[in-house]
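So the structure is just underneath, and the comments pick up after that.
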Protein chains: 2
Amino acid sequence: MGATKTEHFTSGQNQIASIAKALGHPARIAIIEHLLKVNECICGDIVNELPLAQPTVSQHLKELKSAGLIKGTIEGNAICYCINKESIELINSYFTGIIKKLKESDCC
Amino acid sequence: MGATKTEHFTSGQNQIASIAKALGHPARIAIIEHLLKVNECICGDIVNELPLAQPTVSQHLKELKSAGLIKGTIEGNAICYCINKESIELINSYFTGIIKKLKESDCC
DNA sequence: ATACAATATTGCAATATTACGATTATTTCT
DNA sequence: AGAAATAATCGTAATATTGCAATATTGTAT
């Protein structure tokens with residue numbers, strides 16, 4: 001045990017969970033917020049910004065990228081990272097949908 | 001190593017991350033979606049709904065509750081769970097804010 | 001009180017995550 | 001070509017998460 005039973009859940013549930021999971025670490029929230037502030041930047045800038053070593057930042061970037069939250073394009077010997085707007089819109093509309101359904105009734 | 005360096009990040013970043021983290025598992029998304037469908041229910045209903053044992057469901061409920069995503073009120077010998085609208089609204093407005101800022105500029 | 005029903009807690013094994021030093025590509029600039 | 005800059009990957013230690021059987025707790029009914 002210890003492994004998540006992904007196969008028992010719908011692909012929609014797994015997709016939302018994987019985006020949320022990628023955002024479930026303060027360093028990755030900090031990366032998103034930094035990208036939001038500067039629009040786009042390279043890994044080294046984030047290493048300077050955060051109290052984490054370069055391999056750690058690189059690993060966090062990889063997770064954000066594989067969840068579709070950021071994009072990276074090669075620019076010379078550096079890689080330019082930026083937020084992938086679509087993924088934020090996807091999860092935002094998921095929550096908006098929840099709120100809409102919640103408005104209809106009250107709870108305990 | 002292995003432990004998240006929460007102390008290096010802002011309380012806002014930690015709060016968003018902890019809500020996102022709680023939603024970062026398909027079983028917990030499934031619980032939220034079930035609660036959304038039935039408005040409120042007891043732990044046993046969720047155990048019947050999900051392919052997980054009772055202690056596992058109980059643990060997931062605990063994590064959702066400690067992240068503030070659900071509320072539980074004692075009703076006899078059962079506990080009635082429901083979604084805490086405020087927490088969903090909080091994370092939703094966080095993403096809405098990101099999208100607004102993203103609209104202003106384009107990226108790589 | 002006793003039995004039952006609903007959940008929480010404990011303890012543990014399997015697996016995943018976090019963090020980083022060391023190393024390895026890859027590109028750019030002399 | 002050689003040095004510098006940038007970032008990914010490898011290996012590994014520390015810690016956290018997931019899942020469940022067994023047990024404990026709490027309230028309800030008989």
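Each chain gets a letter, A, B and so on, in the order the sequences are listed, and its residues count up from 1.
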Applying side-chain contact (heavy atoms from CB on, under 4.5 Å) between I83(A) and each of I31(A), N39(A), L35(A), report the one that passes. L35(A)

Provide the closest heavy-atom pair for L64(B) versus A22(B) in the form atom of the first, atom of the second, distance. CD2-O, 3.9 Å

In whole Å, I'd like the distance from the CG atom of N48(B) to the C1' atom of dA6(C). 12 Å

Separation of atom CG in L50(A) from atom C1' in dC20(C), rounded to whole Å: 15 Å

State, to 0.1 Å, how close I16(B) and I91(B) come at their nearest heavy-atom pair, and which atoms those are. O-CD1, 4.4 Å

Separation between CD1 (I79(B)) and OH (Y81(B)), nearest 0.5 Å, reads 4.5 Å

Please report the interatomic distance OG1(T10(A)) to CD(Q13(A)), rounded to the nearest 0.5 Å. 3.5 Å

Nearest-Å distance for atom pair CD1/P, residues I46(B) and dA6(C): 14 Å

Under 4.0 Å, heavy atoms only, any strand: does I74(B) hit a base, just the sugar-phosphate, or nothing? nothing

Is any side-chain N or O of K21(A) closer than 4.0 Å to OP1 or OP2 of dA16(C)? no

Taking atom NZ of K100(B) and atom CZ of F95(B), what is their separation to the nearest 0.5 Å? 15.0 Å

Rounded to the nearest angstrom, tell me the gap between atom CD1 in I31(B) and atom C1' in dT7(C). 14 Å

If you look at every strand shown and take non-hydrogen atoms under 4.0 Å, does T56(B) touch a base, only sugar-phosphate, or nothing? base

What is the per-nucleotide protein-contact pattern of nucleotides 4-9 of chain D, from the 5' end, where B denotes a base atom under 4.0 Å from a protein heavy atom, S denotes such proximity for sugar-phosphate atoms only, and - denotes neither? -BSBBB

Describe the nucleic acid contact of E75(B) in one word from base, sugar-phosphate, nothing, applying a heavy-atom distance below 4.0 Å. nothing

Please pick, from dT18(C), dT18(D), dA19(C), the nucleotide with the shortest atom-to-atom distance to any side-chain atom of K5(B). dA19(C)

Would you kindly compare A3(A) and A53(A) by the position of their nearest DNA chain C nucleotide and give the one closer to the 5′ end? A3(A)

What orientation do H60(A) and H25(A) show, parallel under 30°, tilted 30 to 60°, or perpendicular over 60°? tilted

Atom CD of E7(B) to atom P of dT15(D): distance rounded to whole Å? 13 Å

OP1 or OP2 of dT17(C) less than 4.0 angstrom from a side-chain nitrogen or oxygen of H60(A), does that happen here? no

